[in-house]
Each structure stands twice: as C-alpha cells, then as structure tokens.
S.K.: 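Handing you a structure now.
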Amino acid sequence: MIFVTLQQYVMLALSLVLFALELWALIDAARRPSAAFVAADKRTKNFWLVLTGIAAAIGFISIPLQGGGFSFLQFAAVVPAGIYLADVRPAVSSYGGGTGRRRPPRQGGGW
C-alpha cells in the first residue's frame, strides 16, 4: 500500500514538472515580440501562443486525473512546449524581449 502511495506522489510530481514546462513555454512566448518570430522564420507569435496555451491547458486539466500513470494527452501536450523551448526560444531570444535588460558582452579572454 505504501508503494502505491509513493508511486502516485512520484507521478503527481512528474505531472507538475510537465505542467511547469508547458507554462514556462506559454509565458516565454507571450513575452517575446511578434517581429522576432517572423524574423527568426519560426511561424508567428499567435501560432506559438495557441499551441503552448492548449498544451498548458491540457497539462493543467491532466494533473488531478492521475490514477497512477500518465495519460496520452500529457505526452502530446508536452511536445509543442518542448519544441518551443528547444528550438523556437533560442532562435527568437536573440531578437530581444522577454528577459528585460541585456548585459553587454564581456571583454577580455579569461581571468
């Protein structure tokens, strides 16, 4: 019985981590300027907002539905968030927005 409870807590923790990733992708996409997406050739800001918004909604709805395992929808929802964070976010981050003030590059080559 203790093992089942522990397993449910682990699955709940994993569900929360997936939801956090989906929410991070949605918030980051919302903070980036629209022109950055077009300039980076990564679809439009609205496309990524809709995709990551749906992913975050599915992730949020799926959290209390845990019966000891993941649902297919959770895996399907984390894919667009993962694509955004791994591919789109690095491409649009060089165009500014989303992080506040940027520091100038460091000069010098070491110590």
S.K.: Which salt bridge (charged side-chain N to carboxylate O under 4.0 Å, His left out) pairs, counting each pair once, include a residue from residues 44-63, with sequence neighbours left out?
M.R.: none
S.K.: How many angstroms lie between CZ in F72 and OG in S62, if you round to the nearest 0.5 Å?
M.R.: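 F72 CZ to S62 OG: 11.5 Å, rounded to 0.5 Å.
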S.K.: So, for A77 and I58, which heavy atoms are closest and what is the spacing to 0.1 Å?
M.R.: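 Smallest interatomic distance, heavy atoms only, reads CB-CG2, 3.7 Å.
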S.K.: Tell me, please, which residues at least two apart from F60 pass ring-ring contact (aromatic ring centres under 6.0 Å, His included).
M.R.: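 F60: ring-ring contact (aromatic ring centres under 6.0 Å, His included) contacts with F19.
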S.K.: For K42, give me all partners under side chain to side chain donor-acceptor pair (under 3.5 Å), at least two apart in sequence or on another chain.
M.R.: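 With sequence neighbours excluded, K42 shows a side chain to side chain donor-acceptor pair (under 3.5 Å) to D87, given in chain and number order.
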S.K.: Please say yes or no: joined through hydrophobic side-chain contacts below 4.5 Å, possibly via intermediate residues, are W24 and V92 part of one cluster?
M.R.: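 Yes; tracing contacts between hydrophobic side chains, which count when under 4.5 Å, links both residues.
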S.K.: What's the separation between atom CG in L18 and atom CG in L14, rounded to the nearest 0.5 Å?
M.R.: 6.5 Å
S.K.: For L49 versus L26, what's the shortest heavy-atom pair and its separation?
M.R.: O-CD1, 3.7 Å
S.K.: According to a 4.5 Å side-chain heavy-atom criterion applied to Ile, Leu, Val, Met, Phe, Trp and Tyr, with indirect links allowed, do V17 and V10 form part of one hydrophobic cluster?
M.R.: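 No; V10 is not reachable from V17 via cluster members.
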S.K.: Tell me if a side-chain donor or acceptor on Y84 pairs with a main-chain N or O of W48 at a distance below 3.5 Å.
M.R.: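 No: the side chain of Y84 does not pair with the backbone of W48.
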S.K.: Roughly how far, to the nearest 0.5 Å, is CD1 of I61 from CG of L73?
M.R.: 9.0 Å
S.K.: Quick one: do I63 and L23 end up in the same hydrophobic cluster if we chain Ile, Leu, Val, Met, Phe, Trp and Tyr together by side-chain heavy atoms under 4.5 Å apart?
M.R.: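 Result: yes, single cluster for both.
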S.K.: Are L21 and I54 connected, step by step, through hydrophobic side chains (Ile, Leu, Val, Met, Phe, Trp, Tyr) whose heavy atoms are closer than 4.5 Å?
M.R.: no
S.K.: Walk me through it: do T52 and E22 pass the test side-chain contact (heavy atoms from CB on, under 4.5 Å)?
M.R.: CA-CA 6 Å; T52 57; E22 294 155 357; over 6 Å; no
S.K.: Provide the closest heavy-atom pair for P90 versus S93 in the form atom of the first, atom of the second, distance.
M.R.: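 Looking at all heavy atoms of both residues, the shortest contact is O-OG, 3.0 Å.
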S.K.: Yes or no on side-chain contact (heavy atoms from CB on, under 4.5 Å) for V88 and F37, after CA distance, side-chain angles and deciding distance?
M.R.: CA-CA 8 Å; V88 179; F37 291 87; 3.8 Å; yes
